[in-house]
Trainee: 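Below you will find the structure I want to go over with you.
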2 protein chains.
Amino acid sequence: MSGDEREKAIMGTAEKLLAERSLAEISVDELAAGAGISRPTFYFYFPSKDAVVLALLDRLVEQASEALDSALERAAADPVVEVRESIEIFYEALGSHRALIRAVADLSASNAEARALWSQIMEGWVAHATEKIEAERARGAAPRGLPARELAIALLQMNERVLHAIFVEDTPAVAEDKVVEVLTAVWLSAIYGSATV
Amino acid sequence: MSGDEREKAIMGTAEKLLAERSLAEISVDELAAGAGISRPTFYFYFPSKDAVVLALLDRLVEQASEALDSALERAAADPVVEVRESIEIFYEALGSHRALIRAVADLSASNAEARALWSQIMEGWVAHATEKIEAERARGAAPRGLPARELAIALLQMNERVLHAIFVEDTPAVAEDKVVEVLTAVWLSAIYGSATV
DNA sequence: GAGCCTATCAACATCGAGTCGAGAATACGA
DNA sequence: TCGTATTCTCGACTCGATGTTGATAGGCTC
């Protein structure tokens, strides 16, 4: 087993262990042992535990972003339907890597690089949502109101927190089988409803 | 200096240091030194670093919760105005203890007790918001739609995430001088707007 | 002044991260 | 096929932090 494979083995071990425990509860020793190497050798491949999670996230982002982008671009005929579909994609993309998402969230508390990477991902989504909102306003389908970007940030951060709560089994949390419906409803009313009732 | 005062001194030191650094970057040594005692003596007062933050949170909750409850109960004439005022209170209550809120959020990643305590606080707010929404529906001012509790959770978690992002200076984040306006608008449209546009 | 709580700390035990330097294994060009 | 350079590996170490133990000192009470 050499080079690349060892790196993969470390990442694989990390993914496996993260399904059960938080990153803080996993030692470099375990990561190394899981990949069949000694602790010092681990440092040949990664500068730290954190870097492994970052690498996992990088990989996920790379894998998912085209899929996600293309899914988001393949606009449904009806923009209202599109909102629902986007949220569904969002939910599935994050939900199928819960352990990693949890680890990244934890890491963001202490690791500036993790924050930067996540921030970049969010920024992309914000830009996309902002455009969509502005397009809907331009064609007269949505009323003008809040600055589109501020609205997009608030809604995306709602998604982020609501889904995170479900993934880490926080209480209170929205029921998982209702979450797409709930988020969609809030998005639609925020975008298409007039601000002053 | 004795007993209670020493305890206060430790908590005071923690609060001061948390304004500059995360809990992870603060050692028990520093906490002890700041309170004028040795490290082992620290353990006479608190079982761990984490416990100090929990104690701070306990104190804040106790101090703030009556103030908050009474402010929330003193219902404004207009329920729409009340939403805005509630969000303002929420913003100010959390915003005036940013360092602590940050520390608690960090801690929640690793500490079950911190999660439990925060969860309890959220649960209280959720119950309150749920009641208000149901009252508005009962009097015919708001349309029926999503289950009130699910909606309340999503909206409160939006507040939580949006404010947290501002406090920790995440990007993207809603502009601080717009945050009350943005959150209020989303709440109002989600509560009073019809779900299907 | 004997007994008993409160408070204190030096010294210890432990654990995990990260480093160093010496070595094996492998590839590779001559 | 034989250096030699590059990749890879780990034993042994340092360092910093957490948490524990056991001995001690002061006060309060009867």
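Lettering follows sequence order; numbering is per chain, from 1.
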Trainee: Looking only at atom types and distance, does a side-chain atom of A:Gln157 sit under 3.5 Å from a main-chain N or O of A:Ala154, one as donor and one as acceptor?
Mentor: no
Trainee: With A:Ile121, which of A:Leu60, A:Val61, A:Val104 fulfils side-chain contact (heavy atoms from CB on, under 4.5 Å)?
Mentor: A:Val61
Trainee: Write down the distance between CG (A:Asp4) and P (D:dT7), rounded to a whole number of angstrom.
Mentor: 13 Å
Trainee: Can you sort out which residues in residues 18-36 of chain A have a heavy atom within less than 4.0 Å of DNA chain C? Ascending by number, please.
Mentor: A:Ser27, A:Val28
Trainee: So, using side-chain contact (heavy atoms from CB on, under 4.5 Å) as the criterion, who are the partners of A:Thr171 when residues are at least two apart?
Mentor: B:Ser119
Trainee: Does anything in residues 42-55 of chain A reach DNA chain D, meaning a heavy atom under 4.0 Å, and if so which residues?
Mentor: A:Phe44, A:Tyr45
Trainee: Pick from B:Ile26, B:Asp106, B:Ile101: which one makes a side-chain contact (heavy atoms from CB on, under 4.5 Å) with B:Leu18?
Mentor: B:Ile26
Trainee: Listing request: all salt bridge (charged side-chain N to carboxylate O under 4.0 Å, His left out) pairs with a residue in residues 155-179 of chain B, at least two apart in sequence or in separate chains.
Mentor: A:Glu160-B:Arg161, A:Arg161-B:Glu160, B:Arg98-B:Glu176, B:Arg161-B:Asp170
Trainee: Just to verify, what does A:Ala93 make a side-chain contact (heavy atoms from CB on, under 4.5 Å) with, not counting sequence neighbours?
Mentor: A:Leu68
Trainee: OP1 or OP2 of C:dA7 versus the side-chain N and O atoms of B:Thr41: is any pair under 4.0 Å?
Mentor: no
Trainee: Donor-acceptor pair, B:Glu150 side chain versus B:Pro147 backbone, under 3.5 Å?
Mentor: no
Trainee: Provide, to the nearest angstrom, the distance between the CD1 atom belonging to A:Ile37 and the P atom belonging to D:dG11.
Mentor: 12 Å
Trainee: In residues 108-117 of chain A, which residues come under 4.0 Å of DNA chain C by heavy atom?
Mentor: none
Trainee: Tell me if a side-chain donor or acceptor on B:Gln63 pairs with a main-chain N or O of B:Asp58 at a distance below 3.5 Å.
Mentor: no
Trainee: Rounded to the nearest Å, what distance is computed from the CZ atom of residue A:Arg39 to the P atom of nucleotide C:dC15?
Mentor: 13 Å
Trainee: When you compare the side chains of B:Trp125 and B:Asn159, does any donor N or O come within less than 3.5 Å of an acceptor on the partner?
Mentor: no
Trainee: Hey, what do you get for CG (A:Leu31) to OH (A:Tyr45), rounding to the nearest 0.5 Å?
Mentor: 14.0 Å
